[in-house]
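Take a look at the structure below.
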Number of protein chains: 2
Amino acid sequence: MSEVSECAVERETEHDQLLFDVFAQRCPSRATLEHLTGRWGVLAMAALHDGTFRFNELRRRVHGVSEKMLAQTLQALERDGFVHREAQHTIPPKVEYSLTDRGKRTAALLVELIHDVEAQMPDVIAANQRYDAAKNG
Amino acid sequence: MSEVSECAVERETEHDQLLFDVFAQRCPSRATLEHLTGRWGVLAMAALHDGTFRFNELRRRVHGVSEKMLAQTLQALERDGFVHREAQHTIPPKVEYSLTDRGKRTAALLVELIHDVEAQMPDVIAANQRYDAAKNG
DNA sequence: AGACTGCACTAACTTTTAGAAAGTGCAACC
DNA sequence: GGTTGCACTTTCTAAAAGTTAGTGCAGTCT
């Protein structure tokens, strides 16, 4: 009954490319996409698009993120190779986060999305009001 | 102690534009961004980028989404004016979902992101293995 | 000198959210 | 006449997010 979709990671096409599909439930691309588009993933990537930052600098940039979630988010992004982490084992510790080349490419897309959303906000707020009025009216 | 950042929605710049900032904790743009980038938001938008679909058609396209979450996601996207909902009050009911013009623009960016991620997956998987090896080695 | 803050986290606990399962009411299909 | 499909909502449980506290040492403030 409960069918679980998989992507054909293992199979190769005639063009020697692997097939990944975010619409397939168990495709690893879905997890990666979530790391990038999760609540804090987008913001961390966009913040790092502006340069290299220390852990607590990022925390101050991304208002509202907890230490736990920022650490968790950065670890996932580092594991996926979007973020580079460089730690100096001094006291107090100094850890610098930056984007990898691959991360920079993807971050550019996310920044574009953010700007698009910010620019649309007046329309979004108007749409919200229309929707709520239609419901309660 | 706990400072909460707000965006200057109310203030206007000299160019007569409103200021929205997703990095500010209480800026409404952050909620909107989350509707789009949330786990199911991206996939719903990308699915609708291919055309008009009924509720259960979407559910079959976006593998793994529950009815509850799909309904919730579509309602948020409709309220924000990204998605258009057209219901025929027949029995059985027929409800068709499609993207608004604004939604189409934003969906294009999300689809671009998805393709970028899918294309990077071989590198991501390699990065995962390197990360795990470095940790357990 | 002694208290306080900052550094980059992790661990334990609580609250919020997501997901799973069942219910709705009717009609077409077998 | 039993099953399935339609588009949801409601209830309950499992998972995720958020909150708080702790680490160990060095600078800053008083």
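All values reported here derive from a predicted model rather than from experimental measurement. All heavy atoms count here, side chains included; hydrogens, waters and symmetry mates do not. Chain letters run A, B, ... following the sequence lines, proteins first, then strands; residues in each count from 1.
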Can you check the [X] [atom1] to [N] [atom2] distance for me, whole Å?
X	N	atom1	atom2	result
B/L43	C/dG19	CG	P	11 Å
B/L58	D/dC6	CG	P	12 Å
A/E34	C/dA18	CD	P	12 Å
A/L70	C/dT10	CG	C1'	14 Å
B/H63	C/dG19	NE2	P	16 Å
A/R39	C/dA18	CZ	P	9 Å
B/H89	D/dA7	NE2	C1'	12 Å
A/Q88	C/dA8	CD	P	10 Å

Both conditions, 6.0 Å and 45 degrees, for the charged tip of A/R61 above the ring of B/F23: are they met here?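 Not flagged: A/R61 not positioned over aromatic ring of B/F23.
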Check ion pair B/R30-B/D21 (N to O, under 4.0 angstrom):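 Looking at B/R30 and B/D21, the cut-off is not met.
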May I ask you to say whether B/D132 pairs ionically with A/R79, meaning some side-chain N is under 4.0 Å from a carboxylate O?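 A salt bridge is present here (some side-chain N lies under 4.0 Å from a carboxylate O).
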Return no unless some side-chain N or O of [X] is found under 4.0 Å from OP1 or OP2 of [N].
X	N	result
B/R54	D/dC6	no
A/N56	C/dG6	no
B/W40	C/dA18	no
A/R60	C/dG6	no
A/Q75	C/dT10	yes

Taking the nucleotide of DNA chain C with the closest heavy atom to each, which residue, A/A71 or A/P93, is nearer the 5' end?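 The residue closer to the strand's 5' end, by nearest nucleotide, is A/P93.
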Given DNA chain C, 5'-ward residue of the pair B/K68 and B/P92, judged by closest heavy atom: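 Comparing both residues, the 5'-ward one is B/K68.
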What is the minimum heavy-atom distance between A/A44 and A/L77, and which atoms define it?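 Taking every non-hydrogen atom into account, CB-CD1, 4.3 Å.
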Would you check, one step at a time, whether the test side chain to side chain contact (heavy atoms under 4.5 Å, CB included) holds for B/F82 with B/M45? CA-CA 8 Å; B/F82 295 115; B/M45 290 291 288; 4.0 Å; yes
5'-most contact on DNA chain D: A/I91 or B/K94, nearest heavy atom basis?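 The residue closer to the strand's 5' end, by nearest nucleotide, is B/K94.
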Where the side chain of B/S66 is concerned, which of C/dA20, D/dA7, D/dT9 is the nearest nucleotide?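 Of the options given, the side chain of B/S66 lies nearest C/dA20.
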Could you check whether B/R85 gets within reach of a base, just the sugar-phosphate, or nothing at all, counting any heavy atom under 4.0 Å?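 Answer is sugar-phosphate: B/R85 comes under 4.0 Å of backbone atoms only.
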